[in-house]
Amino acid sequence: MTGTLITVAPTGAEVDKAEVPALPVTLDELVDTAVHCERAGASIIHVHLRDDAARPTLDPVRLRDAVAALRDTTDLIVQLSTGGSVRDEEAARLAVLDAEPDMASCTMGTVNFGGDVFMNRWDFIVELHERMLERAVVPEYELFDLGHVAALERLLERHGLPFGEHVHVDFVLGVPGGAAGDASTVTAFAEAVRRYLPEGTTFSATGIGKTSLPVMFASLAHGGHLRVGMEDTVSFARRQPVTGNDQLVARAAYAASLAERPVISTVEARKLLRMRDAD
């Protein structure tokens with residue numbers, strides 16, 4: 001059984017900075033967060049950006065600046081979100097790849113998202129998958145429901161393996177409208193991955209809000225990896241707000257060590273994911 005890959009998702013598009021002052025929204029805050037999270041054990045940073053008013057943005061200049069700044073200050077794998085917010089247009093989401101990230105997310109289907117709808121049409125998914133292959137960007141296929149596993153099987157059968165020919169997915173669990181965030185759901189997803197996706201597919205799991213801990217422990221038990229961060233939860237414990245993303249990364253790293261699957265380095269992570277610059 002391999003060690004544990006930790007992804008940190010520090011900002012997201014939903015959390016309000018006015019309500020959560022510790023949320024990193026400026027470039028300086030993002031870089032500072034990245035440095036501390038790398039020290040705590042993260043190998044990947046999943047990036048959403050905010051504008052000067054702390055609103056979600058897919059501004060291409062900001063995206064390029066963020067990728068450059070993160071590469072200058074850390075060895076983290078830079079994974080840009082192509083999901084943006086639920087209101088972003090497809091063209092802007094595709095243009096995220098122009099910032100030349102190491103990785104990018106690819107959500108495998110439409111899902112209710114609280115009171116909104118996170119739209120991911122089949123043709124959009126195919127175009128995103130193919131553009132990432134052309135640009136040597138490694139996808140993280142994001143799965144919000146079990147049907148998304150079947151959708152990914154279909155995508156790979158019809159349009160081929162991603163760049164590097166290694167498939168890596170993330171279970172995003174506990175979103176209102178998506179799959180539940182509990183241990184039995186992680187088990188169902190892990191079994192579906194082993195049944196329907198290519199041999200050697202790796203997975204991480206994300207639990208939203210209060211589901212973060214059961215999802216974390218279940219993922220480790222099934223040989224999976226972890227994604228944590230203030231995009232997904234702003235509470236460390238009952239009535240205890242998160243003080244910073246590195247606090248969540250450190251807890252995930254400690255859980256991995258207890259499971260005798262210590263965190264892997266960024267170099268090891270690049271090899272695992274078969275990235276273009278893997279040594």
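In this structure, the side chains of H225 and L272 come closer than 4.5 Å at one or more pairs of heavy atoms. Counting heavy atoms from C-beta outward, F113 and V117 have side chains that stay 4.5 Å or more apart. With a 4.5 Å cut-off on side-chain heavy atoms, L63 and L80 count as touching. Looking at L152 and V193, their side chains never come closer than 4.5 Å, going by heavy atoms from C-beta outward. With contacts defined as side-chain heavy-atom distances shorter than 4.5 Å, the pair L248/M230 qualifies.
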Show, in sequence, the C-alpha distance, side-chain angles and deciding distance for R194 and E199, and conclude whether the salt bridge (charged side-chain N to carboxylate O under 4.0 Å, His left out) test is met. CA-CA 7 Å; R194 294 184 181 109; E199 184 177 356; over 6 Å; no
Test side-chain hydrogen bond (donor to acceptor under 3.5 Å, both in side chains) on S204 and D170; report intermediate values, then the result. CA-CA 5 Å; S204 61; D170 181 47; 2.7 Å; yes
Which is it for L5 and I44 under the side-chain contact (heavy atoms from CB on, under 4.5 Å) test, yes or no, and what are the steps along the way? CA-CA 8 Å; L5 172 71; I44 301 175; 3.8 Å; yes
Can you check side-chain contact (heavy atoms from CB on, under 4.5 Å) on V20 and D16, steps first, answer last? CA-CA 6 Å; V20 185; D16 187 344; over 6 Å; no
Extract all donor-acceptor atom pairs below 3.5 Å that involve side chains of residues 208-216 and protein atoms in other chains or at least two apart in sequence.
unit_1	atom_1	unit_2	atom_2	d
T211	OG1	I208	N	2.8
T211	OG1	I208	O	2.7
S212	OG	G209	O	3.2

Show which side-chain atoms of residues 180-189 pair as donor or acceptor with protein atoms under 3.5 Å away, not counting sequence neighbours.
unit_1	atom_1	unit_2	atom_2	d
D182	OD1	S184	OG	3.1
D182	OD1	T185	N	2.9
D182	OD1	T185	OG1	2.6
T185	OG1	A180	O	3.4
T187	OG1	A183	O	3.1
T187	OG1	H222	NE2	2.8

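Here P262 pairs with nothing under the side chain to side chain contact (heavy atoms under 4.5 Å, CB included) rule; sequence neighbours left out. With sequence neighbours excluded, the residues forming a side chain to side chain contact (heavy atoms under 4.5 Å, CB included) with L133 are F163, listed by chain and number. In this view, R71 and D102 satisfy the salt bridge (Lys or Arg N to Asp or Glu O under 4.0 Å) rule, not counting sequence neighbours. For H46, the ring pair (Phe, Tyr, Trp, His ring centres under 6.0 Å) partners are H48, not counting sequence neighbours. Under the side chain to side chain contact (heavy atoms under 4.5 Å, CB included) criterion, R158 pairs with R154, sequence neighbours left out. Residues meeting the side chain to side chain contact (heavy atoms under 4.5 Å, CB included) test with D88, sequence neighbours left out: L58, S85, R93. The ring pair (Phe, Tyr, Trp, His ring centres under 6.0 Å) check on F203 picks up F171, with sequence neighbours excluded.
In this structure, V138 is not a member of the same hydrophobic cluster as V169, with clusters built from ILVMFWY side-chain heavy atoms closer than 4.5 Å. L220 and Y254 are not part of a single hydrophobic cluster, where members link through side-chain heavy atoms under 4.5 Å apart. A continuous path of ILVMFWY side-chain contacts below 4.5 Å connects V86 to V172, so both sit in one hydrophobic cluster. In the hydrophobic clustering of ILVMFWY residues, with side-chain heavy atoms under 4.5 Å counting as a link, V96 and V47 come out together.
Judged by distance alone, the side chain of T57 and the main-chain N or O of D59 form a donor-acceptor pair under 3.5 Å. For T73 (side chain) and A69 (main-chain N/O), a donor-acceptor pair under 3.5 Å exists by modelled atom type. Between the side chain of N120 and the backbone N or O of G109, at least one donor-acceptor pair lies under 3.5 Å. A donor-acceptor contact shorter than 3.5 Å is absent between the side chain of E130 and the backbone of E127. Distance alone, capped at 3.5 Å, places no donor-acceptor pair between the T82 side chain and the A104 backbone.
Note on ring orientation: taking the six-membered ring where Trp is involved, the planes of F118 and F144 are perpendicular (angle over 60°, cut-offs 30° and 60°).
Minimum heavy-atom separation, G84 to A13: O-CB, 3.6 Å. Of all the heavy atoms in L76 and R270, the pair that sits closest is O-NH2, 3.4 Å. The two residues M119 and T110 have their closest heavy-atom pair at SD-OG1, 3.4 Å. Closest non-hydrogen pair, T4 versus A256, comes out as OG1-CB, 3.6 Å. Closest non-hydrogen pair, L30 versus P10, comes out as CD1-CG, 3.8 Å. Across all non-hydrogen atoms, the minimal contact from G41 to V263 is O-CB, 3.9 Å.
A salt bridge (Lys or Arg N to Asp or Glu O under 4.0 Å) check over residues 30-51, counting only residues at least two apart or in different chains, returns the pairs D51-R55. Within the structure, every pair that satisfies the side chain to side chain donor-acceptor pair (under 3.5 Å) test and touches residues 142-153, not counting sequence neighbours, is listed here: E142-R227. For residues 22-31, the pairs satisfying salt bridge (Lys or Arg N to Asp or Glu O under 4.0 Å) are K17-E29, with sequence neighbours left out.
Between the side chains of H168 and T202, at least one donor N or O sits under 3.5 Å from an acceptor N or O.
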